[in-house]
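Some notes on the structure that comes next.
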Amino acid sequence: MSTTHQLDWKNLGFQYLPTNGFVQLDFVDGQWGQVEVKQDPYMPMHIAANCLHYGQACFEGLKAFTTKAGKVVLFRPDRNAERMRLSAERICMEAPSNELFIEACRKAIEINRDFVPPYGTGASLYLRPLLIGTEATVGIKPSSTFSLIVFVTPVGPYYKDGFRPVEALVMEDYDRAAPQGTGRAKMAGNYAASLKPGMEAKKKGYPIVLFADPKEHSYVDEFGTSNFIAITPNGEYKTPSSSSILQSITNETLQVLAQEMGLTVIREPIALNSLDQFSEVGAVGTAAVLTPVHAIQYRDRKFTFGDPDVAGATLTRLYQQLQGIQYGEIPDTHEWLVEI
Ligand SMILES: *Cc1c(COP(=O)(O)O)cnc(C)c1O
């Protein structure tokens, strides 16, 4: 398993590529088994498996990088492990401990070392831990058996245009989550719910959707697959407090960096009709890291944020700081990097 691949690292998209294999561990009889390496990307599953019918499935997304010094590092895997437990708890699943989760991630990288993009390419290795309920159940009840799968795929920048501002549409015809639903859990079904609004926005020419809060439809919740952050002209970093958004680790990390840069971090409900208070808006998440948003269409009102062709100065600095740490160019003072 050490063939050298001639992948075009600089032009990778965000898609599944075949690798050397993946890891799986199963929860049976009340306990987790061994971390096993598998090659065949198809898995046998009972046709009545709970995850297939009732959506008992949640996942994570995190990245490994090759640093300037040539080390392979994972970024904050403990936070992903903790969030997977949170998601699992909400939908009555067993989740692995932090140690087991990280061991599975480590193994998935080790068997795919030659798929970790080299330093300097702007690419990274995306890890997808997936937790599914596998018991054959027809009556509605939680599964008692689970599988954790971790597969990897090398990825380039999420958006083909790279760090370039996009325009978003506030979606009022659909919600991705309910007020006390599963929006805080990274569960598979949330994405099924956001596919149609996402497709409709794309058809209208908007690459991303901004969801309103599902209770009152008057506050900002989050973008389809990423958190909302915004900068005010007097140096504030604002992000919504809402019970239906996914707690982004990228957002959490950027808040720490923003504070270190002297910005004031504020988490509060953000009214959709108060978007004109912001000079910069960004969509943040592991896959895209940070996508600047230069305009948001809300009903017949279009809010704009800075130059449509160039990202704002503050978001650019935050982005560079985060990427600098991930690629080992800036000291990792918070010990966010875990060496593989
Ligand atoms: C995963 C996800 C995010 C981003 O979270 P990160 O931890 O930063 O990757 C944001 N919103 C939703 C709906 C998500 O599923």
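Numbers for residues simply follow the sequence, beginning at 1. All ligand and atom numbering here is 1-based and tracks the order in the structure. The figures that follow rest on heavy atoms only: side chains count, while hydrogens, waters and symmetry mates do not. Bear in mind the structure is a predicted one, so any value in this text is a computation, not a measurement.
Geometrically, ligand 1 and Gly285 share no nitrogen or oxygen pair separated by less than 3.5 Å.
With respect to atom 1 (C) of ligand 1, the closest heavy atom belonging to the protein is Lys186 NZ, 1.3 Å. Looking at atom 11 (N) of ligand 1, its nearest protein heavy atom turns out to be Glu222 OE1, 2.7 Å. Nearest to atom 13 (C) of ligand 1 among the protein's heavy atoms is Arg176 NH2, 3.4 Å. Among protein heavy atoms, the minimum distance from atom 3 (C) of ligand 1 is reached at Thr225 O, 3.5 Å.
For atom 9 (O) of ligand 1, the candidate residues are Leu290, Thr286, Asn227; the nearest heavy-atom contact is made by Thr286.
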For a quick test of your reading: what N or O donor-acceptor pairs under 3.5 Å do the side chains of residues 200-210 make, sequence neighbours left out?
{"from": "Glu200", "atom 1": "OE2", "to": "Tyr174", "atom 2": "OH", "distance (Å)": "3.0"}
{"from": "Glu200", "atom 1": "OE2", "to": "Lys196", "atom 2": "NZ", "distance (Å)": "3.4"}

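Residue contacts with ligand 1 leave out Glu60, since none of its heavy atoms falls under 4.0 Å from the ligand. Judged by the shortest distance from any of its heavy atoms, Phe223 lies outside the 4.0 Å radius around the atoms of ligand 1.
Annotation: Phe14 is in aromatic contact with Tyr126 [ring centroid separation under 6.0 Å].
Taking every heavy atom of both residues into account, Phe223 and Val293 meet most closely at CZ-CG2, 3.9 Å.
The parts of Ser248 lying near ligand 1 are both backbone and side chain, judged by heavy-atom distances below 4.0 Å. Contacts of Arg79 with ligand 1, taken as heavy-atom pairs under 4.0 Å, are absent altogether.
In this structure, the side chain of Gln326 does not engage the main chain of Phe65 through any donor-acceptor pair within 3.5 Å. Of the possible donor and acceptor atoms, none in the side chain of Glu172 sits under 3.5 Å from a partner among the backbone N and O of Ala212.
The salt bridge (charged side-chain N to carboxylate O under 4.0 Å, His left out) test with Glu60 is passed by exactly one of Arg79, Arg85, Lys186, Arg83: Arg83.
Residue Arg83 approaches ligand 1 through these ligand atoms, each under 4.0 Å from one of its heavy atoms: 5 (O), 6 (P), 7 (O). The Tyr191 neighbourhood of ligand 1 comprises atoms 2 (C), 12 (C), 13 (C), 14 (C), 15 (O), with distances under 4.0 Å to a heavy atom of that residue.
The aromatic rings of Tyr298 and Phe303 lie parallel to each other, with less than 30° between the two planes, well short of the 60° mark.
Using a 4.5 Å heavy-atom threshold, the side chains of Phe75 and Lys63 count as separate.
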